[in-house]
Amino acid sequence: MDLDNKDAKPILVILVGAPGSGKSTFCDEVMRSSSRPWLRVCQDTIGNGKAGTKAQCLSSAARALKDGKSVFIDRCNLNREQRSDFLKLRGETQIDMHAVVLDLPAKLCISRSVKRSGHEGNLQGGKAAAVVNRMLQSKELPKLSEGFNRITFCQSESNVNDAIDTYQKLGPLENLSHGCFGQKNPDSKIQSSIMKFLKKAEVPVDTASKENVIGDSTSQTPGKNDSLCKDTEKITSPHDNSKLGSKETKGQADKSAGSYHNQISLDDPPTLAFPSISTADFQFNHDKAADVIVEKVAEYSKKMGNARLVLVDLTHKSKILSLVKSKVAEKNIDTQKFFTHVGDITRLHSAGGLRCNVIANAANWRLKPGGGGVNASIFDAAGPELESATKEKAKTLSPGNAVVVPLPSSSPLFTREGVTHVIHVLGPNMNPQRPNCLNNDYEKGCKVLQDAYASLFEGFASIVRNQMQHNENLGKKTLELQDQSEKCSINHSTNSDQKSKRDADHGPEKSKKYKGTHDGFELTFTGSKDEKVDSEHRRTDGSTRKAWGSWAQALHQIAMHPEKHKDHLLEISEDIVVLNDMYPKAQKHVLVLSRSRGLDCLSDVQEEHLSVLKRMHAVGLKWAEKFLSENASLVFRLGYHSI
């Protein structure tokens with residue numbers, strides 16, 4: 001068990017799991033033998049032994065934390081919204097926020113729920129199965145970015161027992177180390193009904209997406225077990241269907257479990273992970289280095305919006321981590337914007353669940369691999385791509401400076417960890433066996449170290465600013481897609497339209513009408529001036545308009561009229577078109593669009609569509625094979641979803 005004995009504080013543990021996953025049992029087992037004072041807050045019994053409200057749970061938890069007790073929140077807490085109010089209890093107080101995720105197989109949870117009797121919430125018997133299934137469809141696993149200090153994932157009963165043992169042994173003056181433990185392939189999404197329709201074998205899946213997007217992705221990536229990532233059984237989660245049917249083919253040079261491009265979330269803030277500069281081989285005084293780190297973190301964390309700075313070291317026994325943590329506590333620095341993390345800086349996401357899009361390298365003046373320590377590890381993990389990219393930016397580096405290097409998407413650090421940039425930084429040297437030794441001149445040394453961290457954080461800030469500008473440009477491009485739809489006319493309307501299938505007798509030559517909303521009013525896209533719409537917003541033939549966004553409208557135009565977009569298409573056939581995704585999330589990201597009438601979303605799939613679905617799959621495999629012939633290191637995922 002990894003412990004941190006400094007500044008012990010109350011812990012709020014939010015249990016996350018379906019009915020029958022063992023949340024109440026977890027609490028009882030820990031509280032039975034723990035020397036730490038705990039309170040279990042359960043909504044099923046909060047009202048004098050009867051079911052109560054979330055507000056009552058929040059009030060009870062707040063009182064207990066104020067009294068110095070640690071608290072278990074025994075609710076399902078299966079999505080971000082359910083957890084958010086409890087995370088706000090942190091307030092201005094020093095409270096560690098933990099999540100324990102009991103992500104057990106659905107079959108086990110259902111079996112337990114059906115068989116139990118005398119349940120506090122009366123969820124038992126036959127009705128329990130339907131409730132568990134429904135709740136798991138909207139499951140959303142917690143992330144550190146929500147405000148948690150520590151998340152423990154349990155995918156088996158053995159994992160649960162280990163977590164119980166960890167919290168049982170946690171004394172009143174002890175804290176658990178921060179980070180994400182036990183998660184594997186956190187964000188892969190698979191939609192189950194289409195797989196059953198195609199009579200495929202049952203496949204492992206994970207959490208439902210927050211977005212209105214259908215995912216059916218089967219991975220051919222060989223998994224690698226990590227010491228922090230146990231084998232997991234995952235739960236089939238059918239998602240809400242939406243809009244235009246398509247099939248995606250994605251390729252990524254990634255040979256580890258769960259490539260990062262399938263796991264990116266807009267909720268993850270820009271994050272820089274950095275090692276302590278100059279305190280290892282350059283033998284800089286740790287206490288003085290800690291003072292500089294805290295000073296510069298305090299200065300720059302206020303300038304970076306929601307961006308995060310993370311100091312990383314390999315061991316819990318790290319002297320520099322202990323010094324920095326104690327000094328940070330005195331400075332009242334926002335722990336959401338700066339914290340420490342124990343782990344390998346080259347495997348922060350795959351081994352620790354921490355997503356960092358930028359990492360810093362304690363480089364040598366030659367900006368070359370080798371020399372041991374962090375520098376050797378980062379160059380080795382990033383592959384030859386980093387050395388080549390570095391040469392394009394700089395040949396050498398002087399103490400007190402940093403250089404930002406965009407990491408090529410073919411680098412293993414990019415594909416596996418989601419690292420987009422490496423910032424090389426060089427600090428002062430106090431080791432007489434290394435170049436530019438300052439001979440214990442700490443007045444000059446501290447100034448050089450301050451300059452080094454300032455250059456590092458300024459480089460990170462420039463990446464954040466550029467990313468914000470990039471996101472704004474993407475938004476403009478999305479709006480420009482509206483111009484690709486022919487003969488747009490604006491109709492103001494307050495009535496909502498019902499989804500309906502396209503009438504089978506509408507041939508390709510007929511004009512189509514679609515409706516989308518933008519900036520508070522509705523855009524109606526009409527392909528013919530002669531088409532008439534009555535007061536109920538229906539076409540004169542009786543069919544209902546499609547409520548599609550501009551992106552789906554543009555794709556529909558391409559699928560239905562490929563002859564007008566030949567320059568942008570990879571393949572055109574009678575029932576399918578193939579094109580590159582405008583916003584690729586991998587080295588190769590191809591869309592295979594169906595041209596079939598009446599196949600607007602996955603819920604429209606009927607037996608008559610089996611042939612076109614198989615055809616889409618075959619086309620996807622054909623393009624995957626073509627790309628593999630060009631680059632054998634690629635790994636592909638093929639899956640159905642709606643646009």
Side-chain angles (χ1 to χ4, degrees), residues 224 251-256 259-261 270-282 310 312-314 343-351 354-429 431 433-436 451-453 455-460 462-463 466-467 584 586-588 630-635:
K224 290 184 180 180
Q252 192 80 13
D254 177 17
K255 297 183 179 179
S256 64
S259 59
Y260 189 85
H261 68 83
T271 304
L272 166 68
F274 64 98
S276 175
I277 307 300
S278 293
T279 52
D281 192 40
F282 284 0
V310 185
V312 178
D313 207 339
L314 277 172
D344 183 346
I345 198 169
T346 67
R347 295 187 60 83
L348 293 173
H349 178 247
S350 60
L354 179 62
R355 302 179 187 224
C356 300
N357 60 310
V358 184
I359 62 173
N361 176 36
N364 54 51
W365 71 274
R366 295 174 296 131
L367 293 175
K368 294 285 187 180
V374 172
N375 183 68
S377 297
I378 289 178
F379 270 103
D380 182 62
E385 292 88 345
L386 176 57
E387 187 173 3
S388 299
T390 300
K391 288 179 181 178
E392 295 178 5
K393 290 293 182 179
K395 304 299 182 185
T396 61
L397 192 63
S398 57
N401 289 284
V403 58
V404 177
V405 178
L407 196 59
S409 60
S410 56
S411 167
L413 265 184
F414 184 102
T415 56
R416 187 187 70 231
E417 305 297 325
V419 175
T420 62
H421 294 76
V422 172
I423 304 179
H424 298 299
V425 58
L426 182 61
N429 173 39
N431 183 353
Q433 304 300 317
R434 295 288 180 264
N436 302 314
D451 290 344
Y453 279 109
S455 296
L456 169 62
F457 295 155
E458 192 57 52
F460 176 53
S462 70
I463 294 172
N466 290 338
Q467 184 61 50
Q587 287 187 54
K588 301 292 184 182
E630 299 169 355
N631 183 352
S633 68
L634 295 175
V635 175

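Treat the numbers as computed from the prediction; the structure is a model and nothing was measured.
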### Message
Quick check: do Phe274 and Ile359 have side-chain heavy atoms less than 4.5 Å from each other?
### Response
no
### Message
Would you say that Leu407 contacts Leu386 through its side chain, given a criterion of any heavy-atom pair below 4.5 Å between the two side chains?
### Response
yes
### Leu456 side, atom CG; Leu426 side, atom CG - distance, nearest 0.5 Å
12.0 Å
### Message
With rounding to the nearest 0.5 angstrom, report the CG to CG distance, Asn361 to Asn375.
### Response
4.5 Å
### Summary
When rounded to the nearest 0.5 Å, the distance separating CG of Asn436 from CH2 of Trp365 is 8.5 Å
### Query
Hey, what do you get for NZ (Lys368) to CG (Leu397), rounding to the nearest 0.5 Å?
13.5 Å
### Query
Between atom CD1 of Ile277 and atom OG1 of Thr279, what is the distance when rounded to the nearest 0.5 Å?
8.0 Å
### Query
So do the side chains of Ile463 and Ile423 get within less than 4.5 Å of each other, counting heavy atoms only?
yes
### Task
Among Lys395, His424, Glu385, find the residue that satisfies the side chain to side chain donor-acceptor pair (under 3.5 Å) test when tested with Thr390.
His424
### For the student: nearest non-hydrogen atoms of Gly459 and Val404, plus distance
CA-CG2, 3.7 Å
### Heavy-atom closest pair, residues Pro399 and Gly427
CB-O, 3.9 Å
### Message
If I take atom OG1 from residue Thr271 and atom CZ from residue Phe460, how far apart are they, to the nearest 0.5 angstrom?
### Response
6.0 Å
### Message
By the definition side chain to side chain contact (heavy atoms under 4.5 Å, CB included), identify the one residue from Ile345, Leu348, Leu272, Leu354 that meets it with Val310.
### Response
Leu354
### Task
Compare all side-chain heavy atoms of Arg347 with those of Arg416 and state whether any distance is below 4.5 angstrom.
yes
### Student check: side-chain heavy atoms of Ser278 and Pro428 closer than 4.5 Å
yes
### Message
Does any part of the side chain of Glu417, heavy atoms only, come nearer than 4.5 Å to the side chain of Ser350, both counted from C-beta?
### Response
yes
### Task
Specify the closest pair of heavy atoms between Ala382 and Ser411, including all atoms of both residues, with the distance to one decimal.
O-OG, 2.8 Å
## Note on the structure
Between Ala389 and Pro406, the two heavy atoms sitting closest are CB-O, 3.8 Å
### Task
Can you run down the salt bridge (charged side-chain N to carboxylate O under 4.0 Å, His left out) pairs that involve residues 272-282, sequence neighbours left out, and say none if there aren't any?
Asp281-Arg434
### Query
Looking at side-chain heavy atoms only, is the closest gap between Leu314 and Asp344 below 4.5 Å?
yes
